[in-house]
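For reference, the structure discussed in these notes is given below.
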Amino acid sequence: MATSLTFKAKPLKTRKSNGVYFLRTSKTDLGEKQFWSIYNTLTEIEATFRTLKTDLNLRPVYHKNDINCEAHIFLGILAYSIVNAIRHPLKQKNIHFDWSNIVRIMNTQKTVTNSMMTQEKEKLFIKTCASPSEK
């Protein structure tokens, strides 16, 4: 039967690979929650741009004149505006998927178009859509 119990804290062993996650801002009027929210929004925007640049083949940039660079930037901003127009109503319904997951889910929705000739030699098109899942 135990008559006493003693706890002794062990010193933490640190390794050179251990690090600290440090965020810094010049804004002095932000609270922690607001700052964290802004940081997460920035991270979300960067992740969306990475996906869009791959999907739209906007990388690498080989432009040599201002007009092409402006078009490149405009397409990126336009694409992000469309992403935001899709994600905003989803967020209102408490659906917080990132853009790559939304694309993956939307890619399950397919349309198939079959064409055939009638006996009267007219071309007939039949378009069939896949049944959407609950997601």
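The structure presented is a predicted model; accordingly, all values stated were derived computationally and were not measured. FYI, the numbering just counts along the sequence from 1.
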Would you check if Ile38 and Leu30 make a side-chain contact, meaning some heavy-atom pair closer than 4.5 Å? yes

Taken to the nearest 0.5 Å, the spacing of Arg50 CZ from Ile45 CD1 works out to 12.0 Å

Throw together a table of side-chain donor-acceptor distances under 3.5 angstrom for residues 83-94, partners on residues two or more places apart or in other chains.
unit_1: Arg87; atom_1: NE; unit_2: Phe97; atom_2: O; d: 3.3
unit_1: Arg87; atom_1: NH1; unit_2: Glu44; atom_2: OE2; d: 3.1
unit_1: Arg87; atom_1: NH2; unit_2: Phe97; atom_2: O; d: 3.1
unit_1: His88; atom_1: NE2; unit_2: Gln92; atom_2: NE2; d: 3.4
unit_1: Lys91; atom_1: NZ; unit_2: Glu44; atom_2: OE2; d: 2.7
unit_1: Asn94; atom_1: OD1; unit_2: His96; atom_2: NE2; d: 2.9

Any non-hydrogen side-chain atom of Met117 less than 4.5 Å from a side-chain atom of Leu124?
no

Quick one, Lys123 with Thr118, criterion side chain to side chain contact (heavy atoms under 4.5 Å, CB included). Give me CA distance, side-chain angles, the key distance, then yes/no. CA-CA 6 Å; Lys123 202 163 199 174; Thr118 65; over 6 Å; no

Grouping I, L, V, M, F, W and Y whenever their side-chain heavy atoms are under 4.5 Å apart, do Leu42 and Ile77 come out in a common cluster? no

Side chain proximity check, Gln109 to Cys129, heavy atoms < 4.5 angstrom = yes

Note: Gly76 and Phe49 closest approach over all heavy atoms is O-CE2, 3.5 Å

Test of understanding: clusters of I, L, V, M, F, W, Y form through side-chain heavy atoms closer than 4.5 Å, transitively. Do Tyr80 and Ile82 belong to the same one?
yes

With sequence neighbours left out, the residues meeting side chain to side chain contact (heavy atoms under 4.5 Å, CB included) with Thr28 are none

Separation between CG (Leu52) and CG (Leu78), nearest 0.5 Å, reads 10.0 Å

Using a 6.0 Å cut-off, check whether atom CG of Asp66 has over 12 heavy atoms from anything other than its own residue. no

One should read off an interatomic distance between Leu23 CG and Tyr39 OH, to the nearest 0.5 angstrom, of 5.5 Å

message: Test your reading of the model: is there a side-chain donor-acceptor pair from Thr108 to the backbone of Arg104, 3.5 Å cut-off?
response: no

To the nearest 0.5 Å, atom CD1 of Ile102 lies from atom CG of Asn107 at 12.0 Å

Backbone N/O of Ser37 and side chain of Thr41: donor-acceptor pair under 3.5 Å:
yes

When rounded to the nearest 0.5 Å, the distance separating CD of Gln34 from OG1 of Thr25 is 10.0 Å

Query raised in the report: Hey, quick one: are Ile73 and Ile67 part of the same hydrophobic cluster, counting side-chain heavy atoms closer than 4.5 Å, chains of contacts allowed?
Result: no

Check your understanding: With a 4.5 Å heavy-atom cut-off, do Phe35 and Asn40 have their side chains touching?
Key -> no

